[in-house]
Number of protein chains: 2
Amino acid sequence: MARTEPKPRFARQPPEVRRQALIDATIECLKRYGHEGLSIRTISAQAGVSVGLINHHFPNKDELVAAAYRHINSELIAGMQAAVARAGSSPQARMRAFLESWFSAPSLDADALAVWVVFWGLYRHSRLIQRAHRETYQGYVSLLRGMLAELLPSERAARSGRTRRARGGAPAVDLRLAAIGFTALLDGLWLEWCLEPGTFRPAEAVELCEAWLAQLVRRNGARS
Amino acid sequence: MARTEPKPRFARQPPEVRRQALIDATIECLKRYGHEGLSIRTISAQAGVSVGLINHHFPNKDELVAAAYRHINSELIAGMQAAVARAGSSPQARMRAFLESWFSAPSLDADALAVWVVFWGLYRHSRLIQRAHRETYQGYVSLLRGMLAELLPSERAARSGRTRRARGGAPAVDLRLAAIGFTALLDGLWLEWCLEPGTFRPAEAVELCEAWLAQLVRRNGARS
DNA sequence: CCTCTTGCTGTACGATCGTTCAACAAGGAC
DNA sequence: GTCCTTGTTGAACGATCGTACAGCAAGAGG
């Protein structure tokens, strides 16, 4: 009776598991407290470990933050890719799945968006964040560009390519510029919703994006 | 010769002047060092004053930061309004002036954009920033909405309003949604250019925005 | 020239920051 | 049961944070 179970004061974890737990704690702290949540003590408390453990698994704080940014980035992109893959082969259905995935939880979460904004604020002055951005953003750009390409009837454009090339060298729709504009629209709507969630519904954001795309397709078809 | 001019160790300034100098120094520090530049010592060094002076003119640091946000906001909006007013009365010319003002210095400055991003990161957890945002953002929204309204031939829509109302109650173009989408496009392009200035030229951003507007006008005209 | 207001300085304080490191102990190997 | 590896702890360090405040001095008013 008096003999209590000799409960361990802590449990060992494989480095990989602990690293991930610390990354999750970092993101959680960012959600709760914003930039002020990015302190060793806040994060370690959130993870339920001591202050010293972070520097055992990460060389310093900045590396942990960069790892958190890399994780949140690749998680998001993986979710998008999965949603698109689930939608089948129709370009329209794939794009719709992408948009609905974008403008719904967990992507369109006010907390998650606030996390992104803090990272953006760090971007310019942290080489580590810049590297993490470059490494993960590429997957996002190529996913989006691929969907745009398959949505626009460029195969027709390719067949009549010789004629159009001869006329000026420009394709019917500048895919690069279209991707830039579309990304801007997505990010901008995201940001607006983050700063003031009440002003519009997610479905309206989808609507706006599809209107943009429809206009793009129409323009592309008209010229080819 | 040995008599040196008894140069004053500091110069007194009217509170208004000094407050503005401190606000300018705050913004300059944000440009140079990002979020880490938001410290009393960094700001006071930038302003060339002692650490104690800030708390003489502002109750605390957060109030100074909020004042800086308010200032940068109203400066931007005032610049836009001036550019639009200078453009005359033609809706097209006014909108073009607005876009060109938006996508050129000093608005489209990588430093200035970085400042904004830091403020956005603070937004969610600072009531003072939220208040400053609400107080200044309204002017921007109304400017933009006014330009959209005068750009769309809504007077024709108003004349034939009875017919369209009877058909479904929705105007040809939802002005609210159009403003939201347009703002998103502006902010998104701004953000993209900030994060990676090399990917597109400002003129291309203007082009994208005008394409969006042209499609909006066309859609509005087709239905009325 | 003197006085008085007040803008301004700069030290001091306690809190918290990121990081270090010696000691501890969990738990698998044997 | 006994090593032994190593994940983990937590006190301690120096630096820096925001703020307070007692005193200095600039410069206008008389």
Side-chain angles (χ1 to χ4, degrees), chain A residues 4-26 29-30 32-68 118 121-122 125-129, chain B residues 4-26 29-30 32-68 118 121-122 125-129:
Chain A
T4 59
E5 181 77 7
K7 194 170 64 176
R9 299 208 288 110
F10 59 90
R12 291 187 160 206
Q13 301 289 348
E16 210 175 330
V17 173
R18 193 64 91 184
R19 275 179 60 95
Q20 188 55 52
L22 289 172
I23 288 173
D24 291 342
T26 303
C29 286
L30 266 182
R32 290 199 191 173
Y33 313 110
H35 189 280
E36 291 181 5
L38 278 186
S39 97
I40 295 290
R41 283 167 178 82
T42 310
I43 295 169
S44 54
Q46 169 68 31
V49 300
S50 70
V51 284
L53 193 58
I54 288 179
N55 284 289
H56 180 72
H57 291 285
F58 295 88
N60 51 51
K61 194 185 94 167
D62 290 342
E63 293 272 8
L64 169 59
V65 173
V118 173
L122 298 176
H125 300 277
S126 164
R127 292 187 176 276
L128 291 171
I129 297 280
Chain B
T4 58
E5 181 77 8
K7 194 169 66 179
R9 300 208 288 110
F10 60 90
R12 291 187 160 208
Q13 301 289 347
E16 210 175 330
V17 173
R18 194 62 92 181
R19 274 179 60 95
Q20 189 55 52
L22 289 172
I23 288 173
D24 292 340
T26 303
C29 287
L30 267 181
R32 290 198 191 174
Y33 313 110
H35 189 280
E36 291 182 5
L38 279 186
S39 96
I40 296 290
R41 282 166 180 82
T42 309
I43 295 169
S44 54
Q46 169 68 33
V49 299
S50 70
V51 284
L53 192 59
I54 288 179
N55 284 291
H56 180 72
H57 290 286
F58 295 90
N60 52 50
K61 192 185 95 166
D62 290 343
E63 294 272 9
L64 169 59
V65 173
V118 172
L122 297 176
H125 299 277
S126 165
R127 292 187 176 277
L128 290 172
I129 297 281

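The analysis underlying the following values was restricted to heavy atoms, covering all of them including side chains, and did not include hydrogens, waters or symmetry mates. Lettering of chains follows the sequences in order, A, B, ..., and the numbering in each one begins at 1.
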Reading DNA chain D from 5' onward, which residue's closest nucleotide shows up sooner: B:Val51 or A:Leu53? A:Leu53
If you pin A:Ala11 and A:Asn55 to their nearest nucleotides in DNA chain C, which one's is more 5'? A:Asn55
By nearest-heavy-atom nucleotide on DNA chain C, the more 5' of A:Asp62 and A:Phe10 is A:Asp62
What distance do B:Ile43 atom CD1 and B:Asp24 atom CG have between them, rounded to the nearest 0.5 Å? 12.0 Å
Just how far, in rounded Å, is P of C:dT16 from CD1 of A:Ile43? 16 Å
What is the separation between atom OH on A:Tyr33 and atom P on C:dC17, rounded to the nearest whole Å? 12 Å
Pick the closest DNA chain D nucleotide for B:Pro59 and for A:Arg18 by heavy atoms, then say which residue is nearer the 5' end. A:Arg18
Which nucleotide in the set D:dT9, D:dT19, C:dT20 lies at the smallest distance from any side-chain heavy atom of A:Val49? D:dT9
Residue pair B:Arg18 / B:Val49, side-chain heavy-atom distance below 4.5 Å: yes
Counting only pairs under 3.5 Å, give me each side-chain donor-acceptor contact of residues 50-67 of chain B, with atom names and distances, residues two or more places apart or in other chains.
from    : atom 1 : to      : atom 2 : distance (Å)
B:Asn60 : OD1    : B:Asp62 : N      : 3.2
B:Asn60 : OD1    : B:Glu63 : N      : 3.0
B:Lys61 : NZ     : B:Leu38 : O      : 2.8

What's the separation between atom CD in B:Glu36 and atom OG1 in B:Thr42, rounded to the nearest 0.5 Å? 9.0 Å
Say you draw a straight line from CD1 of B:Ile23 to CD of B:Gln20; how long is it, rounded to the nearest 0.5 Å? 5.0 Å
With respect to the side chain of B:Gln13, which nucleotide from D:dT8, C:dG27, C:dC8 is positioned closest? C:dC8
Would you say that A:His35 contacts A:Leu122 through its side chain, given a criterion of any heavy-atom pair below 4.5 Å between the two side chains? yes
Length of the line joining A:Arg12:CZ and D:dG7:C1', which is rounded to integer Å: 4 Å
Which whole-number value in Å describes the distance from B:Ile54 CD1 to C:dT9 C1'? 13 Å
Where the side chain of A:Arg9 is defined as all heavy atoms beyond and including C-beta, which of C:dG18, C:dA26, D:dA26 is the nearest nucleotide? C:dA26
Looking at DNA chain C, which of residues 34-42 of chain B put a heavy atom within less than 4.0 Å of it? B:Arg41
N or O in side chain of A:His56 less than 4.0 angstrom from D:dG7 OP1/OP2: yes
Show the nearest heavy-atom pair for residues B:His125 and A:Gly34, with the distance to one decimal. NE2-N, 3.2 Å
Roughly, in whole Å, what's the span from CG in B:Leu22 to P in D:dG18? 14 Å
